[in-house]
Amino acid sequence: MTDAMLAPATADAFRALHETGTLTSAAYRRALQLAVGTPPSSRWKPFLSSASLILGASMLLAGAVYFFAFNWEAMPRLLRFGVLEAGIAGAGLFAILRPTSPARSVALGFAAVLLGPLLAVYAQEYQTGADPWELFAGWTLLALPFAIVARWTPLWMLLGVLANVGLSRWFQERGFDAPFNGVVLAHWTLNAAICAGFAIAAPGGRWGARFFALAALAPPLFLSAVWTAFPGDHWFSGSPRPVLFAATVTSVAVLLSAFRKDLFMLSLSATGALVLLGSFAWRLLSGALSPDDYGHLPMAALLIVGVGLAVWLLKRAQRAPGVRA
Amino acid sequence: VRPSFAEVIGTLSSEGLLPPERAAEVAPRLRTLEVRPPWYVRAISGMGGWTAAAFVGAFAWFIGLQNEPALIVGAILLAVGIAVRRTLNGPFSNQLALALALSGELLALQGMHGLGFSAEHVALATLGVELLLVVLYPDPLMRFVSTILACVAMSSWLYAATDNADLTVQLLIAFASGMALFVVRPRSGSSWLVPVAYGLTATSLGAMAWLLSPAFGPLSLDPRAIWGVAAIAALFGAFLLHEAQAGLRQYLVGAAVLLAMLLLWSTPGVLAATAVLAMGFARRDSKLIAIAAAFLLLFGAQFYYLLDWSLLAKSGTLVASGLLFLALRFYVERRPNEA
């Protein structure tokens, strides 16, 4: 069986097969029905089951948060802790009693989310004096065992987001006395590490690594592009620009070399390279042409050629064996 | 969500619709077909095209190309862009065509504006150009974006022409039209159908989110919109259940889900996004499912800000709806052979 036959069926391909005479009109109509038609009611069960589970759990969680927001002051201490701990314990117990149920991961995620409000209640009740960043860091660490047991990509992604929020709060509470690009570099390091973790420990879950690769690359790429295209003073000037630029180039190179079988990562790498080269080109063109405005037309031509080349290379990569789109 | 080519071809063979010698041709033919790049590669291409068009537009502006010359040059660029895309099909020619068509459109409309045409006429011209692109420009991304822009132009034209255009009615029409196009998808191989359906759905959900957003001041969604959304969801839901050869029990479950969603009446977007979610599964379309899930999250967050109830009432509503969904799951799981 070839890769092409194992790919998800598409209406476009069946139309092409019909136009070349491989499929008769009747076979074409039936193929469309099978590929994009409504599945029989017996096939709706997994969809209905997971959709109602996720919707139900999310609504319950949001309802619990609103309840606390409503009656925070009037609620006795015991009730505040009791409701949250009962929720965590209930979800944990469900996960223990139903180890093979698909709802187990959602229940563990539910418990992991409730840990945050529990820490907040603890900090408020006992006036621990903890900073918000400590809350997020503690939440991340305490939720870690739940993520390890659940082995559920969305929960790992939540942990990654919590770690980023914690880091961001840490900088905020220090009044951004670190150089602004230092903040970006810190997030770049964190997200690159999370991306590597996803790639190494969970090779099946593509979107975790992809999401954090994008989160790592986008901010330094934007700042590097602005710095390259428009040299001079900026609102983020005075910070270690070369280091930021090096981080961007490193990201582009690592994505290209370490993720050769992942088309999304290759696309990210291509976008990074295009943006950096485009910024350089604009800097050169706007300096060489007089008036500067004449640089717009060659820039448009360069973009057409550059993006065309990137798309051509990516389409070639897509055809290579083993590359995942 | 979607079956593989091998599964579909296997079913066609087993049903006698594809003789063995024809079935053996499929794999080699699939390898020769042009591989359609995934959405993110097409997004890079689209963004590159828009940026190049912006540079062309800026160049035209700085060299003083305005009014009649801008209108004439814009129309020529637009025509050349469409012709290039229809006659050639390669990464470089496609980028060139995209940049030409978009910059041509920008220039022509800017020329019209400079010549003193009214907002009504500029909106009508924009609508015409976008419809032209949907019909003549054979690219799914362009058709998707043009559908969204055509909806915006139509709305602007109605507003300029009547000064009293009801946005709620317009978005309900767009929502119903998008759902209708998804319904006919298995019966039509038309290449424009899917991007237009995506465009209408994204526009209607996006407009709903926009009208519900308190950040946009005087605009607001008519509270009666929930009944329109419920009617559309019920109509298409019933149609999908009919296609799935569902029994009475499944119709009752569908009605129960609809009633549960009506509890969140102040944010009809939740119901609309849930209907799109179901349509995404019915059309085995993971991208549509992802779009619906993203909007569901957005509308859920809006619920917090919009409803003029106490937090306790909001909490009770959410808990009740959540329990209903968990009860639905329990019911579904207890019936191994039925949905």
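So you know, we letter chains A, B, ... as the sequences are listed, proteins then strands, and number each from 1.
Taking a 6.0 Å sphere around OH of B/Y251, one finds it holds more than 12 heavy atoms contributed by other residues, nucleotides or ligands. Remark: A/R319 CZ is packed, more than 12 non-hydrogen atoms of other residues, nucleotides or ligands lying under 6.0 Å away.
No other option in B/A327, B/A52, B/A54 has as many heavy-atom pairs under 4.5 Å with chain A as B/A52. Top candidate by heavy-atom pairs under 4.5 Å with chain B, chosen from A/G21, A/A51, A/A11, is A/G21. Between chain A and the options B/F92, B/F182, B/F281, the largest number of non-hydrogen pairs under 4.5 Å is found for B/F281. Most heavy-atom pairs under 4.5 Å with chain B: of the set A/A325, A/A62, A/A35, this distinction falls to A/A35. The candidate with the highest count of non-hydrogen atom pairs below 4.5 Å against chain B, out of A/G306, A/S50, A/S267, is A/S267. Here A/L53 is the residue among A/L17, A/L314, A/L53, A/L266 with the most heavy-atom pairs under 4.5 Å with chain B. Listed options A/T24, A/I304, A/L303 were ranked by heavy-atom pairs under 4.5 angstrom with chain B; first place goes to A/I304. Ranked by heavy-atom pairs under 4.5 Å with chain A, the first of B/S191, B/G48, B/G16 is B/S191. Taking chain A as the reference chain and counting heavy-atom pairs below 4.5 Å, the highest number among B/E25, B/R29, B/R187 is found for B/R29. Options B/P186, B/S188, B/P37, B/A23 differ in how many heavy-atom pairs under 4.5 Å they form with chain A, and the most are formed by B/P186. Between chain A and the options B/N94, B/I289, B/L277, B/D285, heavy-atom pairs under 4.5 Å are most frequent for B/L277. Contact tally against chain B (heavy-atom pairs below 4.5 Å) for A/V305, A/L34, A/L302, A/V311: the top residue is A/L34.
Heavy-atom distances place no part of B/S13 under 4.5 Å from chain A, backbone and side chain included. Neither the backbone nor the side chain of B/R42 comes within contact range of chain A; no heavy atoms are under 4.5 Å apart. Interface remark: A/L263 contributes backbone and side-chain atoms alike to the contact with chain B (heavy atom separation under 4.5 Å). For B/S103, no part sits under 4.5 Å from any heavy atom of chain A, backbone or side chain. Interface residue A/Q33: backbone and side-chain heavy atoms are both found under 4.5 Å from chain B. Proximity to chain B (any heavy atom under 4.5 Å) is shown, for A/S25, by neither the backbone nor the side chain. Contact of A/T10 with chain B is made through backbone and side chain together, with heavy-atom distances under 4.5 Å. Contact of B/L96 with chain A is made through backbone and side chain together, with heavy-atom distances under 4.5 Å. Looking at B/L324, there are no atoms closer than 4.5 Å to chain A (heavy atoms on both sides), in backbone or side chain. If you measure heavy-atom distances from B/L98 to chain A, you find no contacts under 4.5 Å at all. Both the backbone and the side chain of A/A103 come within less than 4.5 Å of a heavy atom in chain B.
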> Between B/L328 and A/L55, is a side chain to side chain contact (heavy atoms under 4.5 Å, CB included) present by the stated rule, with each step listed?
Replying inline: CA-CA 11 Å; B/L328 172 67; A/L55 278 171; over 6 Å; no

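Smallest separation of non-hydrogen atoms from B/L181 and B/L193: O-CD2, 3.2 Å. Between A/G308 and B/P91, the closest heavy-atom pair is O-CB, 3.3 Å. Between B/A244 and A/P39 the shortest heavy-atom distance is CB-O, 3.4 Å. Contact detail for B/I9 and A/F14: the closest heavy-atom pair is CD1-CE2, 4.2 Å.
Against chain A, the residues from residues 236-243 of chain B that qualify, each with a non-hydrogen atom under 4.5 angstrom away, are B/L240, B/E243 in number order.
With hydrogens and angles ignored, the 3.5 Å screen pairs no side-chain donor or acceptor of A/R324 with any backbone N or O of A/K261. Although no hydrogens or angles enter the test, the distance criterion places no donor-acceptor pair under 3.5 Å between the side chain of B/K287 and the main chain of B/G280. No side-chain donor-acceptor contact under 3.5 Å links A/S269 to the backbone of A/M265.
Side-chain contact check for A/T38 and B/R283: at least one donor-acceptor pair (N or O, by modelled atom type) lies under 3.5 Å. For the residue pair A/T22 / B/R22, no side-chain donor-acceptor distance below 3.5 Å is found, with atom types taken as modelled.
Ring geometry for A/H296 against A/W282 counts as tilted: the plane angle lies between 30° and 60°, on a 0 to 90° scale.
Atom CG in A/L274 sits 8.0 Å away from atom CG in A/L309 (nearest 0.5 Å).
Taking the salt bridge (charged side-chain N to carboxylate O under 4.0 Å, His left out) definition, one finds that A/R30 meets it with B/E15, sequence neighbours left out.
Between A/F259 and A/F264, the ring center distance fails the sub-6.0 Å criterion.
Contact check for B/R2 versus A/V36: side-chain heavy atoms found under the 4.5 Å cut-off.
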